[in-house]
Amino acid sequence: MATTPPRVRFAPSPTGLLHVGNARTALYNWLFARRTGGKFLLRIEDTDLERSEARYEDQLIEDLRWLGLDSDEGPGDGGQPDRGTFGPYRQSERLTVYAEHTERLLREGKAYRCFCTPEELEAERKVAAAGHGSQVYSGRCRALTQAVIEKNLAEGKPFAVRLRIEDRPLRFHDMVRGTVEFAAETVSDPILVRSITGGAGGVSAGVPVYNYVVTVDDALMQISHVIRGDDHISNTPKQVAIYEAFGWPVPEFAHLSTILGADRERLSKRHGATSIATFREMGYLPEALVNYLALLGWGAEDGKTETFTPAELTRAFTLERVTPSPAIFDFDKLNWLNRHYLKLADQGRVAALSWGYFGDRLPAREAAPESVKGWFDRVLALFVPAVDRLDQLPEKTTPIFGFDIETARNDPENAAVLAADSARTVLGELAARVRAHSGNVTPEVFKVWLNEIKAATGVKGQELFHPVRIALTGTHSGREFDKLLPLIEDGAGLNLGIPSVRQRVERFVGV
RNA sequence: GGCGCUAUCGUCUAGGGGUUAGGACGUGAGAUUCUCAAUCUUAAAACCCGGGUUCGAUUCCCGGUAGCGCUACCA
């Protein structure tokens, strides 16, 4: 197995948006494949017809693309043929494959028909539970005589197909946990194919069960390393038994720990954003998310490096260094990484990504004149370092785009600043100068004004600056005036509805 | 209940029979600034409990406890 390149797979169900936990599973698979020169396949587990939807499959593929997790084999999207020669890659298109394999197992005596009804099994479980024994199937249909089987069949009795498991411990190797072993008596003969209620029919009439189809698919697609969530650990012995029944080599496993929320519960919607689509909408960069997810359950060899581009990750990643314990999703650290990558990101790219968050405050980007684009780039240069995510930009840039005077006045901290006599005096002085001035208010002019006001009123420091800041930007804190003013004045000339310094002061102070 | 997995600062983790138990996020303080953010410096902060094994366990073994997962003719 070590001599041939590994083959790994990500096998999601298209029943909803791609969750960060699954995204991490996909990432680790992808990283492992890229690191080892192996193949990364995408397989769609859409056998649950009621919950699977085509639009989720499209979304899934789109999300993976956004994260940069390209697959070497998988279903073709939009009616395209499959990529790769081990298809089809949608389970719904593989039903005959499963049926053929079931027939083989039955023929070889590795599997048998079980005529027990769900009610009977339920009763059996109840008895076992009362006697606090393990709740495993008794195996009473194992030894049905041929005559009984044929009689049942003739009567049209529904049956399920079960795998006959040898009475011995089932163990497998896990690259992150070592050897995992299950005692023989804890694993009962698993159902492979569900019974079909309401009549007979061939074996193929029943719907094969998940544990069975993944195993068949993984084997047929020659998956060498099964990297998946640790909620599958308990399923693994059954799957191992299936591999062995077919005489297939058992792959290497790597079970990834669960991602938890701050309350140590499994991460879900009530913890905030959990789907990749949502993170994208919030203005996280894919490289930040990829870096963060990589760090959630894996650490660099040197124990120190925290920032990795996807390319660096593919060089550094090994399954051996994946940690087995569950990890709590930490939005603060993700934010830190996002700020990090926002600083590194190409300006044009950030501008294109940011544009949409401004709604009708900006014209459509394609239609925007160069002057607006250039000005917007300068706005971003000043404000992007101040945000965790791009969707915070509109809020952060209200000092530029304009603010609501009433809201600004009513803010408790602003109100306290404005209540001082000195504030009134300062703003009066400022208004006088604004009226007397014509043309742009440059940082130089503004500096002179502030010095004059300081000299005339004796007010200085915060008592001078804060009221001025509030009048101009709506808040007492923010970026430096000499950076803000040119942006305001230039923006005011762009027909974006941005008030000039003069307009701001006049409106705020009143005439 | 049964079975399984897991257990180092608040969080993500490094480490591993003898260490000042390392890094990062976050938090506190300081520098800078009119202010905020950023940045830099700095501080506080951890080996779940109990038994072994050993000269010596946070590290190895066993047990407990806790958290999580599975326990379906769901995926």
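A, B, ... follow the sequence lines: proteins, then strands. Residue 1 opens every chain.
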Peer 1: For RNA chain B, determine which residues of residues 334-347 of chain A have any heavy atom closer than 4.0 angstrom to one of its atoms, and list them numerically.
Peer 2: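 Correct list: A/Trp336, A/Arg339, A/Lys343.
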Peer 1: Look at the rings of A/Phe32 and A/His225 and say which category their plane angle falls in: under 30° parallel, 30 to 60° tilted, over 60° perpendicular.
Peer 2: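 Ring orientation, 0 to 90° scale: tilted.
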Peer 1: Would you mind classifying the nucleic acid contact of A/Glu306 as base, sugar-phosphate or nothing, using non-hydrogen atoms under 4.0 angstrom?
Peer 2: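 A/Glu306: base contact, heavy atoms under 4.0 Å.
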Peer 1: So does A/Glu181 reach the base of B/rG4 with its side chain, donor to acceptor, closer than 3.5 Å?
Peer 2: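 For A/Glu181, whose side chain was compared with the base of B/rG4, there is no donor-acceptor pair (under 3.5 Å).
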Peer 1: Round to a whole Å and report the spacing from CG of A/Asn235 to P of B/rC5.
Peer 2: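 Atom-to-atom, A/Asn235 to B/rC5, this comes out as 15 Å.
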Peer 1: Find the partner of B/rU59: check Watson-Crick (N1-N3 plus N6-O4 or O6-N4) and G-U wobble (N1-O2, O6-N3) distances, both under 3.5 Å, and reply none if neither fits.
Peer 2: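 By the stated definition (distances under 3.5 Å), nothing pairs with B/rU59.
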Peer 1: Can you tell me the base-pairing partner of B/rU41? Count Watson-Crick or G-U wobble geometry only, both distances below 3.5 Å, and say none if there is no partner.
Peer 2: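 Paired with B/rA29.
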Peer 1: Say we look at B/rA44 and B/rG4: how far apart would their C1' atoms be, to the nearest angstrom?
Peer 2: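 Taking atom C1' in both B/rA44 and B/rG4, they lie 39 Å apart.
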Peer 1: For nucleotides 19-22 of chain B, list the nitrogen or oxygen atoms of the protein found under 3.5 Å from its nitrogen or oxygen atoms, one pair per line.
Peer 2:
from: B/rG22; atom 1: O2'; to: A/Lys304; atom 2: NZ; distance (Å): 3.0
from: B/rG22; atom 1: N2; to: A/Gly303; atom 2: O; distance (Å): 3.0

Peer 1: Does any nucleotide pair with B/rG69 by Watson-Crick or G-U wobble geometry, both distances under 3.5 Å, and what is it?
Peer 2: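 Pairing partner, where one exists within any strand: B/rC3.
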Peer 1: Does anything in residues 411-427 of chain A reach RNA chain B, meaning a heavy atom under 4.0 Å, and if so which residues?
Peer 2: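 Nothing qualifies; none.
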Peer 1: From the list B/rG4, B/rA75, B/rC5, which nucleotide is the closest neighbour of the side chain of A/Arg177?
Peer 2: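 Per side-chain heavy atoms of A/Arg177, the pick is B/rC5.
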Peer 1: Could you give the distance separating B/rA75 and B/rU13 at their P atoms, to the nearest angstrom?
Peer 2: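 It comes out at 31 Å once rounded to the nearest Å.
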Peer 1: Which whole number of Å gives the distance between the P atom of B/rA43 and that of B/rG52?
Peer 2: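 Straight-line distance between the two P atoms is 40 Å.
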